[in-house]
Amino acid sequence: MIWVEKENFSIKQICDSGQCFRLRKLESSLPASYRHDSLGKGRSAVTETERYGITAFGRFLEIEEGADDIIFHCTAEEFEQIWKGYFDLEEDYGKIIGLIDEKDDYLLKAAAFGSGVRILRQDLWEVIVSFIISQQNNIKRIRKCIDYLCEKYGEKKQTKSGIIYYDFPTPGALADASLEDLYACNLGYRSRYIHKTAASIAEGQIDLNAIGRMGYEEAKTELLKLHGVGVKVAECICLFALHKTEAFPVDTHIHKVLGEQYPGGFEAERYKGYEGILQQYIFYYDLMNG
DNA sequence: CATCAGGCGAGAC
DNA sequence: GTCTCGCCTGAT
């Protein structure tokens, strides 16, 4: 069990920000054994918490979020090797928020509102499929589509505490699925995109490992070769899987805000290398309040 | 009933 | 290169 301070870090905000569709709020309560009066370090444990679950890298992690603390239910080794990097906990987001122009009231508000959002380091293949599904779609339905895919084509697993979960299906598993079966997962017209993209990766026309080693522009160009991946989705993949934080995906929300708040143009140059993080603050702020 | 949700590909020009 | 148009499906 690992305890983390909540400074610029909120699981709820990351969950709601819609960059990861397999981070979910869980309804059931944790076993009483997780409740401690003290976690050591001279701090007392949180009492009221929300419970979340994340499936990634073939694992399922339970997370509790309280007012001041977040508890990871895993070993110190697993936290260090996997989740610390996954949640980008070594980046100083306060520093990035500090770069914001003090005259830019809108961006200051957006960043204050979403200061707990972090840009995750998700699996490349999972993000490719997830964001192909995301086009002209809403978060609730996107999650449902991904659930169907995982349950139908992903490996079924169980945690020691008995929670059943499914790995994200491999490219091969989705390439073997018929177009008809993909339509049955309620993917709609995106079924054709998933079908063809899965095949091009399973057949080796596109090399995901190679993309993982590329810089931003080169990776984006390669991703655009995938059927169903346009500029916006390619930039999301670069940001959420390859951690290219210079990527600035423009979707309907961002497009609207740029028109309303930045008629003279958004000063992306000022925030070089961190555009994607600010994009996510703007997106999340507009998604929740717009 | 029309419109919209984190766009994209195909075809016209 | 830029523009328009149709597209699955569920919620409002």
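The chains referred to below are lettered A, B, ... by the order of the sequence lines, with proteins before strands, and numbering in each begins at 1.
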Inset, instruction - Remember a base hit wins even if backbone is also touched, and classify A:Val231 as base, sugar-phosphate or nothing at under 4.0 Å, heavy atoms. - result: sugar-phosphate
Inset, instruction - Establish, with yes or no, whether the OP1 or OP2 oxygen of C:dC7 is under 4.0 angstrom from a side-chain nitrogen or oxygen of A:Arg192. - result: no
Inset, instruction - Give me the ring orientation class for A:Tyr189 and A:Tyr193: parallel if the planes are under 30° apart, tilted from 30 to 60°, perpendicular past 60°. - result: perpendicular
Legend entry - Between B:dG6 and C:dC3 - P atom distance, rounded Å: 25 Å
Inset, instruction - Quickly work out the A:Arg143 CZ to C:dT9 C1' distance and round it to whole Å. - result: 18 Å
Legend entry - Short side-chain N/O contact to B:dG7 OP1/OP2 from A:Ser134, under 4.0 Å: no
Legend entry - Closest nucleotide among C:dC8, C:dG10, B:dC8 to the A:Tyr183 side chain: C:dC8
Inset, instruction - Report which part of the nucleic acid A:Phe240 touches: base, sugar-phosphate, or nothing (heavy-atom distance under 4.0 Å, all strands). - result: base
Legend entry - Separation of C:dC8 C1' from A:Lys140 NZ (nearest whole Å): 17 Å
Inset, instruction - Specify whether A:Tyr106 and A:Tyr262 have parallel, tilted or perpendicular ring planes, treating 30° as the upper limit for parallel and 60° as the lower limit for perpendicular. - result: perpendicular
Legend entry - Under-3.5 Å donor-acceptor pair between A:Tyr189 side chain and B:dG7 base: yes
Legend entry - Phosphate OP1/OP2 of B:dG7 contacted by A:Gln135 side-chain N/O (<4.0 Å): no
Inset, instruction - For A:Asn137 and for A:Val229, locate the closest nucleotide of DNA chain B by heavy-atom distance; then report the residue assigned to the nucleotide nearer the 5' terminus. - result: A:Asn137
Inset, instruction - Write down the distance between CD (A:Gln136) and P (B:dT3), rounded to a whole number of angstrom. - result: 14 Å
Inset, instruction - Would you mind classifying the nucleic acid contact of A:Leu182 as base, sugar-phosphate or nothing, using non-hydrogen atoms under 4.0 angstrom? - result: nothing
Inset, instruction - Examine A:Phe131 together with A:Phe21 and report whether their ring centres are nearer than 6.0 Å. - result: yes
Inset, instruction - Measure from OH on A:Tyr148 to C1' on C:dC8 and round the result to the nearest Å. - result: 14 Å
Inset, instruction - Could you check which of B:dA10, C:dC7, B:dG6 has an atom nearest any side-chain atom of A:His227? - result: B:dA10
Legend entry - Donor/acceptor link under 3.5 angstrom from A:Lys232 side chain onto base of B:dG6: yes
Inset, instruction - Can you tell me, in whole Å, how much space there is between the P of C:dC8 and that of B:dA10? - result: 13 Å
Legend entry - Closest to the A:Asn186 side chain, choosing from C:dG10, C:dC8, B:dG6: C:dG10
Legend entry - Evaluation steps, side chain to side chain donor-acceptor pair (under 3.5 Å), between A:Lys109 and A:Tyr281: CA-CA 9 Å; A:Lys109 267 200 299 192; A:Tyr281 288 143; over 6 Å; no
Inset, instruction - Ignoring the backbone of A:Arg141, work out which of B:dG6, B:dG9, C:dT9 is nearest its side chain. - result: C:dT9
Inset, instruction - Tell me what A:Ser17 touches on the nucleic acid: a base, only sugar-phosphate, or nothing, going by heavy atoms under 4.0 Å. - result: base
Inset, instruction - Rounded off to whole Å, could you give me the CZ-to-P distance for the A:Arg190 and B:dA5 pair? - result: 13 Å
Legend entry - For B:dA2, the Watson-Crick or wobble partner whose two distances fall under 3.5 Å: C:dT12
Inset, instruction - Verify salt bridge (Lys or Arg N to Asp or Glu O under 4.0 Å) between A:Lys6 and A:Glu65, making sure each step is shown before the conclusion. - result: CA-CA 9 Å; A:Lys6 277 190 69 176; A:Glu65 175 159 18; 2.8 Å; yes
Legend entry - Nearest-angstrom distance from the residue atom NE2 of A:His253 to P of B:dC4: 13 Å
Inset, instruction - Using a heavy-atom cut-off of under 4.0 Å over every strand shown, decide if A:Gly18 touches base, sugar-phosphate, or nothing. - result: base
Inset, instruction - Would you mind reading off the distance between A:Phe248 atom CZ and B:dG6 atom P, rounded to a whole angstrom? - result: 17 Å
Inset, instruction - Quickly work out the A:Ile133 CD1 to B:dA5 C1' distance and round it to whole Å. - result: 15 Å
Legend entry - Sole residue of A:Arg51, A:Glu64, A:Glu78, A:Glu62 in side-chain hydrogen bond (donor to acceptor under 3.5 Å, both in side chains) with A:His73: A:Glu64
Inset, instruction - Using the C1' atom on both, measure B:dT3 against C:dG6 and round to a whole Å. - result: 15 Å
Inset, instruction - Please work out if A:Gln19 contacts a base, only the sugar-phosphate, or nothing of the nucleic acid, heavy-atom cut-off 4.0 Å. - result: base
Inset, instruction - Indicate yes or no for a side-chain donor-acceptor contact from A:Arg22 to the backbone of A:Ile54 under 3.5 Å, with no hydrogens or angles considered. - result: no
